Every structure is written in structure tokens, then in C-alpha cells.
Amino acid sequence: MGIQGLLPFLKNILTPSHIRNYRGCTVAIDAYCWLHKGAFACAEKLAAGEKTDMYVYYCMKYINMLLSYDIKPILVLDGCHLPSKKNVEKKRRERRELNRKKAAQLLRDGKRKEARDALVQCIDITPQMALELMNACRDKGVDCITAPYEADAQLAYLSQTGIAQVIITEDSDLILFGCHTIMFKMDTSGAGMLIQNKDLNKAMKLQDAHYTFDKFRYMCMLSGCDYHANLPGIGLSKACKAMKLTRQIDVRLILKKIPMLLNIRNLTVSAEYIEGFIRADNTFLYQLVFDPLSRKLTPLNPYPPGVKAEDMHYAGPPMSPDHAFQLALGNMDIQGNRIANFDPAPRSQSWINDTEKTPYLLSIWDPNYKPRGQVPEGEEPTRPSTKGKEVLLQAMGISKPKANEQRRKSEPPLKPIKKGWFR
DNA sequence: TCCTAGTCGTCAT
DNA sequence: CGACTAGGA
């Protein structure tokens, strides 16, 4: 789902780019995207419950590519389901079950090709699969973090706090959560399409003075999002038109004026619709995320005055700090069962390089870790002089050694952790 | 012109 | 998940 048609709507500000332009930066990854694509390589085995690590290798192709460009990847995984999405999850489960039965019948009939097509439709990314990927990443010294709830909100938090300079995903919802810079459609070579939060006003064709990010988010939500349906007959174009025509900033008043702004007579905006809209908006603004620095739960954005966490149960019910921490580390599954014993503490003693100059290259769980911060505006990825030099250095094979590279070479083997069958 | 709902592809040989 | 598209308002 996501926001239907958002990427085509933003095509004017989507720019082709390459991840090598972010050398020395941190990139946070929506792990689900890679896991889902990687699962296609071994759909039959996964459906049959056979052991396979094909999807792990698929994901590690991307990780290794990023490491080769001296980029620090942070893998972000999904945590608990939001209460509002329980129904969606149930429907997906039922759809997978249906396709599973369909595939079994087709297989009995000897229709192997059609059976595979049905099998592919019942692919499920299990927490065990996510754990295998996390273990493979941590073997390489790559940070992983499981969000308390949706990875989307967690990725946006890493973007907004300057922990990550780029977010890699296929999900257009990340734009609404307020990420600064996102790369979509990145291939295994590192080429993709970049979108920046600061350009969204151009996509709406709104003057800077009249543009707010709130307006952009309302536009998207009016066209329908995962948390709330659209008004009948309203898509992105009409929603954009409505947001251009009003200077109102109060959500309730904007919504009440929609039929007038768009000249649609038989359209009524019910009180229920408005309240649902505001709950959805709050889910984008205040969903609970995990702050790896303070090791505490926090809303994606600070609550406005007078609002308390208890008012926001739909944006993620509060959980105990230790539960959230163990979930974030990947030691606990969403049912609360212990599934691993990863302890980030021993690693913090082992860094002896020039990490004083580059504390942002440490593990996010290291007490000395510090976010790199936002990349100065306009500095990347289109800086011709730098681009040319990088190409030249690579062609000459004399790319200067980076702290990142030295760190990886001198890294001691991690203490043994429960790894299952992955070598 | 815009919205909607449905179908197809994602890997890799 | 998005891309693409036929069909309807």
C-alpha cells in the first residue's frame, strides 16, 4: 500500500544518484525490502520449510557493496505490529494461507509452474529470517536495530537525529515520516533514485512561503494511507489542489473545507473521518521509536504541550525500557521470547583507532558513539569536483585509506553468539 | 484529467 | 511494496 502513486507524483524531484556519493557517511536500511526480494530466490524452499540462506547472501551483496564504498550501514528491522494494523496483518496471513493451499493443490495436479506462482504469493518474512540476517551483519561488524514498532518510524528517527545521512527503502511512506534524504530503487551496484525532504515544495508547486511539511503530509493522507482511508474520489492530484487553495493550518478546519475547496457537492466529511485522520497524523508524528544513544523509547517527534504517551496508544503502546532495548538488539522476538544473547558492551573496549576524529563510525551501541549530523545542504550528492576526484582515485587504484577500512581490518572476532545454521 | 481496482514482478538460471 | 493499465467518472 504506502501512498498510491506518490513516487510518480514526485518524479520532478527524484534524481538519479549513486551511493558512492555518500562515502564516509552512514546509511540506514529498511531491511524488509531486501529480505522480501531475497526471499524470491528461494521461495520454494522457504514455503517447504527447508533450510536456506540464499536470502541472507542476497542481502549481504548489498551490505558488501556499501562497505566497499566506506559507507557505514545500519540495518533496521520491524518490531511489533501497531494496534491499528492488526487487521491488515490478519488479512495478509489469510491471503498467504490461501495461496499455500492453492500451491499444494496445483502441485498435486502436477502443475509445477503455476504452483510456484502461488508459492511466491505466500512468502512471509519471519522473525527467524530477520535474525539470520542480523547475525550475518554483526559478523561483519554491521550495526542492526529492531524498531519497537514500524521500521519506517525508526528509520526516520535515525535520519532526523543525524545518525544516518541516507535512508535506503522502497516504501514511499518514509517520505511522510520526515526523512531528510532517501534513496529508492537502489540496485546491487549502488545506483538509485534520490529524494530530499527540502525539495517537496517543488513537487507540490507551492511557493516556499506557503509550503509546510504538514501540508505535504496532509496531502498524502487525504489520498489514503496505511493508517486511514481516503475520501471517495480523492487522489494525490485533488489533494494537492486542495492544499494549494487553503492557507488554513488547523487540520480540522482544512478537512471541513475540502468539499468546498474542490467543488464536490455530494461529499461529506464526517466527524469520525476527521478523528481518524488526526489519529493517523499522530501515528506519523509520534510513533514510538528506540533511541540507541539514551537506550530509551521516545516518540519520533516530541509531544506537543499537554499531550501524554497514554493519549497515543495507537501510535505504539508504551513498553518497558528493558523490553524495548532487548527487542532493539534483536535478543527478543515480538512475543517476548529470548532468541539471542547479543551483548554490545564488549565491543566498546576494542576501538583503538582514530575514532576520536570519527566517533560516528563506531557502533551505535558504543558509549563513545556520536552521530555525524546532517550533511550540509547542497553538498551531496551532486558536487562535480568531488565526484571527478573519486572516479580518478578509483581508476588509479590509490583511494586513500579510510578510518572505516582500518577499523574493519583490526576488528577482533565477535564473541560467539547463537547463530543457528548460518555459517 | 483524475481516480480505481486489478494484475504483474521482485530472484536468477 | 511499486509499476503498469484498462475502464469509469
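Here is the naming used below: chain letters follow the sequence lines, and residue numbers restart at 1 for every chain. Note: hydrogens, waters and symmetry copies are ignored here, and every other heavy atom, side chains too, is used. These numbers were taken from a predicted model, which means no experiment stands behind them.
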Subject >> A:D171/A:T169 under side-chain hydrogen bond (donor to acceptor under 3.5 Å, both in side chains): CA gap, chis, key distance, verdict >> reply: CA-CA 6 Å; A:D171 185 351; A:T169 186; 5.4 Å; no
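For the pair A:F40 CZ and B:dA12 C1', the computed distance is 13 Å after rounding to whole Å. Nucleotide B:dG9 holds its P atom 14 Å from the CD1 atom of A:I123, rounded to whole Å. Rounded to whole Å, the distance from CG on A:N263 to P on B:dC2 is 16 Å. Between the CG atom of A:L267 and the P atom of B:dC3 there is a distance of 13 Å, given to the nearest Å. Rounded to whole Å, the distance from CZ on A:R116 to P on B:dC8 is 15 Å. Going from atom CZ of A:R95 over to atom P of B:dC8 covers 12 Å, rounded to whole Å. For A:E170 and B:dT10, the CD to C1' distance is 9 Å, given to the nearest whole Å. Atom CG of A:L35 and atom C1' of B:dC11 are 14 Å apart (whole Å).
Contacts of residues 234-242 of chain A with DNA chain B (heavy atom under 4.0 Å): A:I234, A:G235, A:L236, A:S237, A:K238.
Mapping A:S223 and A:Y62 onto DNA chain B by nearest heavy atom places A:S223 closer to the 5' end of the strand. Where A:C42 and A:Q4 each meet DNA chain B at their nearest nucleotide, the meeting point lying more 5' is that of A:Q4.
Across all strands shown, A:R92 has heavy atoms under 4.0 Å from sugar-phosphate atoms exclusively, and none from any base. Nucleic acid contact for A:T169: none, since no nucleic acid atom lies under 4.0 Å from a heavy atom of the residue. Contact annotation for A:Y32: no contact, since no heavy-atom pair falls under 4.0 Å across all strands.
Here A:Y227 and A:F284 bring their ring centres to under 6.0 angstrom of each other.
No more than 12 heavy atoms of other residues, nucleotides or ligands shown are found within 6.0 angstrom of CD on A:Q4. Atom NZ of A:K244 has more than 12 heavy atoms from other residues, nucleotides or ligands within 6.0 Å.
At least one side-chain heavy atom of A:K85 sits under 4.5 Å from a side-chain heavy atom of A:E150.
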Name each donor-acceptor pair under 3.5 Å that joins a side chain in residues 247-259 of chain A to protein atoms two or more places apart or in another chain, with its distance.
| unit_1 | atom_1 | unit_2 | atom_2 | d |
| --- | --- | --- | --- | --- |
| A:D250 | OD1 | A:R252 | N | 2.9 |
| A:D250 | OD1 | A:L253 | N | 3.4 |
| A:R252 | NH1 | A:E275 | OE2 | 2.7 |

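Phosphate proximity of B:dA12 to A:K61: present, with a side-chain N or O under 4.0 Å from OP1 or OP2.
Put simply, chain A comes within 4.0 Å of DNA chain C, heavy atom to any atom, from C:dC1 to C:dA3, going 5' to 3'.
Under 4.0 Å is where a charged nitrogen must lie from a carboxylate oxygen, and between A:D70 and A:R23 at least one such pair does. Using a 4.0 Å cut-off between charged nitrogen and carboxylate oxygen, A:E89 and A:R92 count as a salt-bridge pair. With salt bridges taken as basic N to acidic carboxylate O contacts below 4.0 Å, none links A:K308 and A:D311.
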